[in-house]
Structure formats: structure tokens, C-alpha cells
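Below you'll find the structure, written out as C-alpha cells, and then a few comments.
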Amino acid sequence: MRLATWNVNSIRTRVDRVLAFLEGSGTDVLAMQETKCRDDQFPALAFEAAGYEVAHHGLSQWNGVAVASRVGLEEIEIGFPGMPTWGEPAAAEARAIGVTCDGVRVWSLYVPNGRTLEDPHYRYKLEWLAALRAAAGGWLAADPDAEVALVGDWNIAPLDTDVWDMSVFEGATHVSEPERAAFRALEDAGFAEVTRTFVPQQYTYWDYQRLRFPRNEGMRIDFVHASPELAAHVVGAAIHRDERKGKAPSDHVPVVIDIE
DNA sequence: ATGGTCGACATTCGA
């Protein structure tokens, strides 16, 4: 099975590019983030015409997560147990959807941005990650042999080499130690990030602003965490940098793993 | 010299 994750930054703007990627890359299961639409606005018919079932969760123009699959799609779950809320009145955001595709439990995740270290959104981000770790640890405790993939836009650059210039990120989110610790804590829960061994150095995101892509000033913030049983069957990974090129690209590119 | 964006929606916010 070929599994990919991609922050598409509006599915309505990007649907043609996403379908072209699915066709060209041989991807069986695609987790998407930042669809930026409600369920009734999602272009489901276009995916179905291409042979993919889709589960989408979107509440407004913000966030929105989905999974498209041509190898089955079952047990749709909106949000994970204990997922923190945001806003006034407090409400769950559309940042997590879980589905089972050919025996693999796939979670499409859009981790809160954090905005700044002083912003309440930053604390929300850390709480969100801690709750995810607790939930995911619980899934593995219940079934140590489960094949689980936690994929998406983590909004964390775990290593200094995951940004083009650390001096630009002094006092910024995405690189702070608490965020990196929260990312590593998934390992304590039994998960392993499985793309870096196959792709040691490659960004997954380049800001639209300030010619970041032409200058290759990017960030690696999109990752795949795999449970032990799944990690044992991952035989390859790729980051499709070329998807940042051409007409109307997303600011993120697809991250792909191959499961044997 | 030094800034250069994009998307949804409403004329601003989020990234």
C-alpha cells in the first residue's frame, strides 16, 4: 500500500492537482489537511469518479481533514478521545479524522500552529499534542500489534536541520524545545517517525512569502509516525518536492510511505 | 536597497 499525507491548503482550489497527484504517484490512501471547507463543500464526486472513497471533516473555512482511499475506508472517527477544544465558546476543531484502510488505522492530523510562544494557541498546541500521545498510547496498549499511522502537518520542525536558518526562528514556534519534546513523546508511546531514515534531508513546506521556495528556505514539518507493527512493514518513503512547482501549488508537498 | 503570498470571506484573519 502506498500512503501519503498532504496539507493541500484548500481542496476546492487544489482538487485538480490532488487528483493528478493521486493518478501520477500510485497513491492508494491520501490523508489531507487544511481542506478549508465544510463537508457539503468538499468535492467528493471528483474523488469518487477517480476511484477513491473519501471521509472528510470540516466545520468552516478553517482547518478541515480528510482521507481518500481506493483500498477500503471503514470505521470513520471524528477527533480523538480527549482532544482539546479551542475558542469561545470552547469547541472541538476539525483537526483529526481516523479511518481504517486495508487494515491500517490512518489518522489525518492538523496540529495547531501555536502562532507565538506567548499566544494561548501555543499552550493549546502543546495540550493537543499531549492528548494525542495519551490517546495513541492507549490504542497501542489495547492492541500492541495494531497497524496505526499518525500522519499530517505537525507544525513542528524536530531538528535544527529541518529549517533553513535557525537564527530566523529564535523565539519562534515550531522549533521550541517543548514542541520538540511533544513530538519525541510519540516515541515513548511506541511510535516511530518512518520517513527520515529514507529521506534524511528534505523540506516539506515553503512559505508563499519572500520567495521561500526559489531560495529553498523551507521547513520539514510533515511527518508519519508508525506503530511498531506498521513501522516493521514500511519499505520506503518519498517527499514530492516537485509538487511545490507549477501553477497554484499548495505551500506543502506530499509525504509518501510504502507499506509492504 | 530589499521586498517580493495565498485562500476564504468579507473588506480581515490565519498561516
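Reminder, nothing fancy here: chain letters follow the sequence lines and each chain counts from 1. Basis for what follows: all heavy atoms, side chains included, without hydrogens, waters or symmetry-related copies.
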Distances for protein N or O near nucleotides 13-15 of chain B N or O, under 3.5 Å:
| from | atom 1 | to | atom 2 | distance (Å) |
| --- | --- | --- | --- | --- |
| B/dA15 | OP2 | A/Arg115 | NE | 2.8 |
| B/dA15 | OP2 | A/Arg115 | NH2 | 3.4 |

The answer to which of A/Ser10 and A/Arg215 contacts DNA chain B further toward the 5' end, by nearest nucleotide, is A/Arg215
Separation of B/dT5 atom P from A/Glu217 atom CD, nearest Å, is 15 Å
Here the ring pair (Phe, Tyr, Trp, His ring centres under 6.0 Å) pairs for residues 237-260 of chain A, sequence neighbours left out, are A/Phe21-A/His240, A/Tyr205-A/His252
Between CH2 of A/Trp206 and P of B/dG4 the distance, given in whole Å, is 21 Å
So the salt bridge (Lys or Arg N to Asp or Glu O under 4.0 Å) pairs with at least one residue in residues 76-96 of chain A (sequence neighbours excluded) are A/Glu77-A/Arg105, A/Glu93-A/Arg95
query = Given B/dC9, is OP1 or OP2 found less than 4.0 Å from the side-chain N or O atoms of A/Arg12?
reply = yes
Rounding to 0.5 Å, atoms CZ (A/Arg241) and CD (A/Gln202) come to a distance of 6.0 Å
Residue pairs meeting salt bridge (Lys or Arg N to Asp or Glu O under 4.0 Å), one or both in residues 1-16 of chain A, sequence neighbours left out, come to A/Arg2-A/Asp258
* Rounded to whole angstrom, note down the C1' distance from B/dA10 over to B/dC6. => 16 Å
Rounded to whole Å, CG of A/Leu211 lies from P of B/dT5 at a distance of 8 Å
key: Same-atom distance (C1') from B/dG4 to B/dC9, integer angstrom   = 24 Å
The complete set of side chain to side chain donor-acceptor pair (under 3.5 Å) pairs with one or both residues in residues 125-146 of chain A, sequence neighbours excluded, reads A/Lys125-A/Glu179
At less than 4.0 Å, is any side-chain N or O atom of A/Ser60 found next to OP1 or OP2 of B/dA8? Yes or no. no
Between CG of A/Leu59 and P of B/dA8 the distance, given in whole Å, is 17 Å
| query | Base, sugar-phosphate, or nothing: which does A/Arg14 touch, judged by heavy atoms less than 4.0 Å apart? | reply | sugar-phosphate
Sorted by chain and number, sequence neighbours left out, ring pair (Phe, Tyr, Trp, His ring centres under 6.0 Å) with A/Tyr110 holds for none
